[in-house]
Amino acid sequence: MIEPVSTSAVAAKPPVHIAIIMDGNGRWAKARGLPRVAGHQRGAEAARAAVRACRELGVRYLTLYAFSSENWKRPVAEVEDLMSLLRYYLRREVGELEAQGVRLRFIGSRERLAPDIVTEIEAAESRTRHNEGLVVVVALNYGSHEEIVHAARSLARDAAHGTVRPDDIDETMFAARLSTDGIPNPDLLIRTSGEQRLSNFLLWQAAYAELVFVNANWPDFTRESMESAIAEFHRRDRRYGASRG
Ligand code: FPP
């Protein structure tokens, strides 16, 4: 059960990095007799509000799971709706985010993405790369297994070429080959809609993240929900494997 908390308590010490699995758009729409795309539209608005809340609360990094590498299995029309929404938001939001000091980063494979989307995300990253405010990491066509295999392959290639010694490979070197290189690991990972799974999201990076599962569907996730999740995070006793002090 997550209790509400005052804004000042949250603002005092926000987690550095919050990652979110935005789940339940379809169920939100179904419960209202609406098409799934309506749930995704409201979900995208909730993502916008989450960015704003994190900026105001002083969070440094926000990672949003926008499209998983498994989401291609959905009906073509739904994939197209999600990609159209992405296009729309990239075109509509990037200018404002840039002005707000937000830095955008995209993780995940660009291989199956439409060329115009790749162009837009490259432009968004490049336009905002000097910004020093909130870093918004959009996980798009992202899957942890694929990311980890990619890292292993790149190290193996370097080892075969003699530029890396296998015995020198450690956690730091491995993490530097992941798409999240330079981004601190998430402190708090939130999943909405009552599901309690990681679904191939940040499996390496979330090793010590506090997991907070929220019953609300993603379109109903508000700034208050964010503050409650942060309050829950503060109630946890983070020990990173050490014993209780
Ligand atoms: C989960 O709801 C949501 C997603 C598939 C991804 C999140 C997408 C958004 C927040 C919309 C904005 C996205 C982009 C790419 C701009 P679900 O469809 O799995 O819900 P269900 O489990 O209730 O069916």
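Please read these numbers as outputs of a predicted model, since none were measured by experiment. Count residues from 1 along the sequence. Basis for what follows: all heavy atoms, side chains included, without hydrogens, waters or symmetry-related copies. Remember, it's 1-based here, ligands and their atoms both numbered in the order they're listed.
For D187 and H17, the side-chain atoms include no donor-acceptor pair closer than 3.5 Å. S228 and S225 share no side-chain donor-acceptor pair at under 3.5 Å.
For atom 13 (C) of ligand 1, the closest non-hydrogen atom of the protein is L82 CD2, 4.0 Å. Closest to atom 12 (C) of ligand 1, if we only count protein heavy atoms, is A44 CB, 3.8 Å. Ranking the protein heavy atoms by distance from atom 3 (C) of ligand 1 puts M22 O, 3.0 Å first. Protein heavy atom closest to atom 11 (C) of ligand 1, with residue, atom name and distance, is H40 O, 3.4 Å.
Assignment of S193 to the shell around ligand 1 is not supported, since no heavy atom sits closer than 4.0 Å. Residue contact annotation: A66 has a non-hydrogen atom under 4.0 Å from ligand 1. For R74, the closest heavy-atom approach to ligand 1 falls below 4.0 Å. Distances from ligand 1 to the non-hydrogen atoms of R36 include at least one value under 4.0 Å.
Under 4.0 Å is where a charged nitrogen must lie from a carboxylate oxygen, and between R236 and E232 at least one such pair does.
The 12-atom threshold is exceeded at CZ of R36, counting heavy atoms of other residues, nucleotides or ligands nearer than 6.0 Å. The environment of R74 atom CZ is dense: over 12 non-hydrogen atoms of other residues, nucleotides or ligands sit within 6.0 angstrom. Within a 6.0 Å radius of CZ in R165, other residues, nucleotides and ligands contribute 12 heavy atoms or fewer.
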Acceptor/donor pairs from residues 152-160 side chains to any protein atom, 3.5 angstrom cut, sequence neighbours excluded:
unit_1, atom_1, unit_2, atom_2, d
S154, OG, R177, NH1, 2.8
D158, OD2, R177, NH1, 2.9
D158, OD2, R177, NH2, 3.0

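An N or O contact shorter than 3.5 Å is missing between Y65 and ligand 1 by distance. Considering both main-chain and side-chain atoms, D23 comes within under 3.5 Å of ligand 1 through a nitrogen or oxygen pair. Here's the thing with R27: one of its N/O atoms is less than 3.5 angstrom from an N/O atom of ligand 1. Remark: ligand 1 and N25 share an N or O pair separated by less than 3.5 Å (distance only, no angle test).
Relative ring orientation between Y65 and F201 is described as parallel, the plane-to-plane angle staying below 30° on a 0-90° scale split at 30° and 60°.
By the 4.5 Å heavy-atom criterion applied to side chains, L189 and E210 are not counted as neighbours.
Counting heavy atoms under 4.0 Å from ligand 1, residue K30 does not touch it at all.
Close approach to G26 involves these atoms of ligand 1, each under 4.0 Å from a residue heavy atom: 17 (P), 18 (O), 20 (O), 21 (P), 23 (O), 24 (O).
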